[in-house]
Structure formats: structure tokens, C-alpha cells
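Scroll down for the structure; my scribbles are underneath it.
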Amino acid sequence: MISPRLLALCCFFVAASAWAADQPTAPMHLWPGKAPEALGDADKDTPTLTPYWPAPDQASGAAFIVCPGGGYRNLAAHEGEPFAKWLNSLGIAAFVLKYRLTTDGYHVPAALLDAARAVRTVRSHAAEWGIDPKRIGMIGSSAGGHLTATVITQFDDGKPGADDPIERVSSRPDVAVLCYGFILFDIPKPEREEQFLGPNATPEQKKMLSPRLNVRSDTPHTFIWQTVEDDKVVVDNAFAFAAALREKGVPFDLHLYQKGKHGIGLGTKDLDPEKMHPWTKDCAFWLKEQGFLR
């Protein structure tokens with residue numbers, strides 16, 4: 001007679017094998033045809049998600065969307081795949097987002113569409129991919145941090161009547177991690193406003209891209225980290241978003257480190273745990289407290 005414990009283990013491994021068979025490994029288009037507001041159908045016009053999976057025996061069932069930085073002009077490679085592999089080492093599935101860029105004729109609202117669609121895509125496929133739909137986070141660096149902060153203050157619950165089933169689910173990440181994220185878009189700077197929104201931006205559009213002005217009580221718990229030495233995204237950005245979260249009663253962690261130039265990523269090009277920046281350990285501790293780790 002098979003013991004209940006052995007039977008449960010057998011069922012788990014059968015389920016894990018089924019999930020593994022369904023988990024995609026190649027980059028996925030976010031929309032079946034052209035993306036909304038697409039200027040063409042070239043690679044630069046086509047936002048994608050590239051999946052990275054943890055070892056099945058380490059998987060926690062949680063997932064993260066990874067938003068690399070690059071000033072909305074490019075996508076910083078060291079803030080994409082290495083971040084995904086670090087999350088995998090914690091047992092978290094990761095999806096690196098290739099969003100549309102200002103250098104290709106787009107403005108930031110198009111990237112916001114891409115990021116929201118990324119969350120919906122992972123959540124809508126959660127059951128077949130072995131992911132908990134209530135444990136989907138987003139991590140972003142620099143401009144990717146701005147994109148993440150904008151998503152967690154501009155999300156919606158989905159559109160129940162949409163023909164596209166992906167659009168029916170929520171775009172709200174369950175947690176967020178901001179790595180030297182740009183926040184202070186509300187401080188006027190005409191050249192940046194034109195780059196992000198075009199020459200005829202309205203006050204409403206400018207407010208939409210100003211995350212600290214849009215924090216709400218249901219903004220997800222957030223981990224914020226920043227180096228004081230950073231002279232590209234200054235530490236005031238971290239202070240500003242933390243203050244806005246506190247005002248709305250949203251739980252957060254704020255970590256400041258003295259040393260480190262802008263764009264330091266994991267702090268090392270390899271994934272040697274002994275060489276990575278301390279923020280990775282602090283974040284892992286926080287993620288465990290949020291129920292994202294085993």
C-alpha cells in the first residue's frame with residue numbers, strides 16, 4: 001500500500017513534469033499581431049518576454065518580470081539576463097521584458113503598455129506554467145525602475161469583457177523591487193519631458209509618469225535600494241518614493257549604500273554569491289518575508 005506522503009510526492013513530481021513540458025523557453029511576443037501603437041513590425045517594434053526557469057526542485061512558484069534600464073534609449077544587458085538568473089537561484093521564475101524605446105520612435109506610454117501586458121501575460125498563463133498568480137513581482141533598474149514604479153501606481157484590474165483573455169486579468173504586480181529607479185519626473189525638465197512624452201505633452205500625461213504623485217493605498221509592497229554616490233539617479237529619488245509610500249500606508253523597505261556608481265546592477269558580472277552587492281542578500285531576505293521564497 002502506498003503511503004499518503006509517497007503518493008503526495010509522486011503527484012508533485014508528475015505535476016512538476018507537466019509544468020516543465022508547458023514552460024516556454026524562447027522569447028515570446030506580447031501580442032499575437034502588432035503591438036498597440038506599433039510603428040512597424042520589425043524587431044524594434046515587437047515587445048517580448050524571455051523566460052528563465054529555476055531548477056524544478058528549487059522552484060517556489062513565484063515569478064518576476066525583469067525591466068532593464070537604459071534611459072529608455074536602450075536596454076542594459078547586465079540588468080536583464082543576470083537579474084533573471086539571480087532570481088532563478090532563489091527559486092523564482094523570471095521573464096526579461098524587451099520594451100519599446102524612444103530611440104525607435106516611441107514614447108514611454110508605449111513601454112508602459114508593454115510592461116502592463118507582461119504582467120497580464122504571466123498571470124494569465126500561471127496555471128499552465130506552474131506559477132502562483134498571486135505571487136508575481138516586477139523588478140526594474142534606473143529607467144526600468146521608473147517603468148516599474150509607474151506600473152505599480154497605474155495598474156488596473158483587467159477588462160472582464162475583453163475579447164483577448166490576457167487583457168481580462170490584472171496588471172498589478174504583487175511586489176516590486178526598484179533598483180536606483182528614476183522617480184522625480186515631476187521636477188520640470190523640458191528635454192526629458194519631450195523625450196519621454198513628445199513635444200505636446202499634457203499636464204495629465206506628465207502626472208501619469210510621475211510615480212510619487214500616483215501612489216495609492218493598494219500599491220504593492222516595495223523594496224527600494226540606491227547608492228548615495230549615484231550622480232545619475234540621485235538618492236532623492238529613493239527618498240521621494242519611500243515618502244509617498246509611507247504617506248499612503250504602503251509597506252516598504254528602503255536600503256541606502258554609500259558606495260557604487262549608477263548602473264551597478266548585481267555588483268558583479270558573475271553570479272558568485274560571495275561577490276554580489278549586499279542589496280541582493282537584503283532583497284532575498286525581504287522576498288522571503290513576502291512569501292516569494294521557500
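As a basis for the values below, the full set of heavy atoms in this structure was taken, side chains included, without hydrogen atoms, waters or symmetry mates.
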Interatomic distance, CH2@Trp286 vs OG1@Thr222, rounded to 0.5 Å, equals 6.0 Å
Under 4.0 Å between a side-chain nitrogen and a carboxylate oxygen: does that hold for Arg123 and Asp132? no
When rounded to the nearest 0.5 angstrom, what is the spacing between OG1 in Thr46 and CG in Leu30? 9.5 Å
Among Val151, Ile136, Thr219, the one residue meeting side chain to side chain contact (heavy atoms under 4.5 Å, CB included) with Pro173: Val151
On a heavy-atom basis, the closest approach of Leu97 and Cys67 is CD2-SG, 4.1 Å
Could you tell me which residues satisfy side-chain contact (heavy atoms from CB on, under 4.5 Å) with Thr227, sequence neighbours excluded, listed by chain and number? Trp225, Asp230, Tyr257, Ile264
Salt bridge (charged side-chain N to carboxylate O under 4.0 Å, His left out) evaluation trace for Asp43 with Lys98: CA-CA 10 Å; Asp43 182 67; Lys98 177 170 76 71; 3.8 Å; yes
Under 4.5 Å between side-chain heavy atoms, hopping through other hydrophobics if needed: is there a path connecting Val96 to Val175? yes
For His107 and Tyr72, does a side-chain donor sit closer than 3.5 Å to a side-chain acceptor? no
Output all residues satisfying side-chain contact (heavy atoms from CB on, under 4.5 Å) with Glu193, sequence neighbours left out; order by chain, then residue number. Phe185, Pro188, Lys206
Test your reading of the model: is there a side-chain donor-acceptor pair from Ser170 to the backbone of Arg172, 3.5 Å cut-off? yes
Those residues that, when tested against His262, pass ring-ring contact (aromatic ring centres under 6.0 Å, His included) (two or more places apart): Tyr180
Full working for side-chain contact (heavy atoms from CB on, under 4.5 Å) between Val233 and Gln226: CA-CA 9 Å; Val233 175; Gln226 173 84 44; 4.1 Å; yes
Does this structure show an ion pair linking Asp186 with Arg212, if we count only N-O contacts that are shorter than 4.0 Å? yes
For residues 229-256, the ring-ring contact (aromatic ring centres under 6.0 Å, His included) pairs (sequence neighbours left out) are Phe223-His255
For the residue pair Arg135 and Phe64, would you count it as a cation-pi contact if the rule is NZ or CZ under 6.0 angstrom from the ring centre and within 45 degrees of the ring axis? no
Which one of Asp157, Asp164, Asp156 satisfies the salt bridge (charged side-chain N to carboxylate O under 4.0 Å, His left out) criterion with Arg120? Asp156
Any side-chain heavy-atom pair of Val234 and Val228 under 4.5 Å: no
Between Glu37 and Arg100 (salt bridge meaning N to carboxylate O under 4.0 Å), is one present in this structure? no
For His78 and Pro68, indicate whether the former's side chain and the latter's backbone hold a donor-acceptor pair under 3.5 Å. no
List the residues meeting salt bridge (Lys or Arg N to Asp or Glu O under 4.0 Å) with Lys275, not counting sequence neighbours, and say none if there are none. Asp270
Polar side-chain atom of Trp279 near backbone of Gly265 as donor-acceptor pair, under 3.5 Å: yes
Can you check side-chain contact (heavy atoms from CB on, under 4.5 Å) on Asn88 and Trp53, steps first, answer last? CA-CA 6 Å; Asn88 287 171; Trp53 303 100; 5.6 Å; no
Which other residues end up in the same hydrophobic cluster as Ile166, if Ile, Leu, Val, Met, Phe, Trp and Tyr are linked when side-chain heavy atoms come under 4.5 Å apart? none
Applying a strict under-4.5 Å side-chain criterion to I, L, V, M, F, W and Y, I'd like to know whether Phe285 and Ile224 cluster together. no
Please say whether more than 12 non-hydrogen atoms of neighbouring residues, nucleotides or ligands are located less than 6.0 Å from NZ in Lys44. yes
Compare every heavy atom of Tyr106 with every heavy atom of Leu39, then report the nearest pair and how far apart it is. N-OH, 2.8 Å
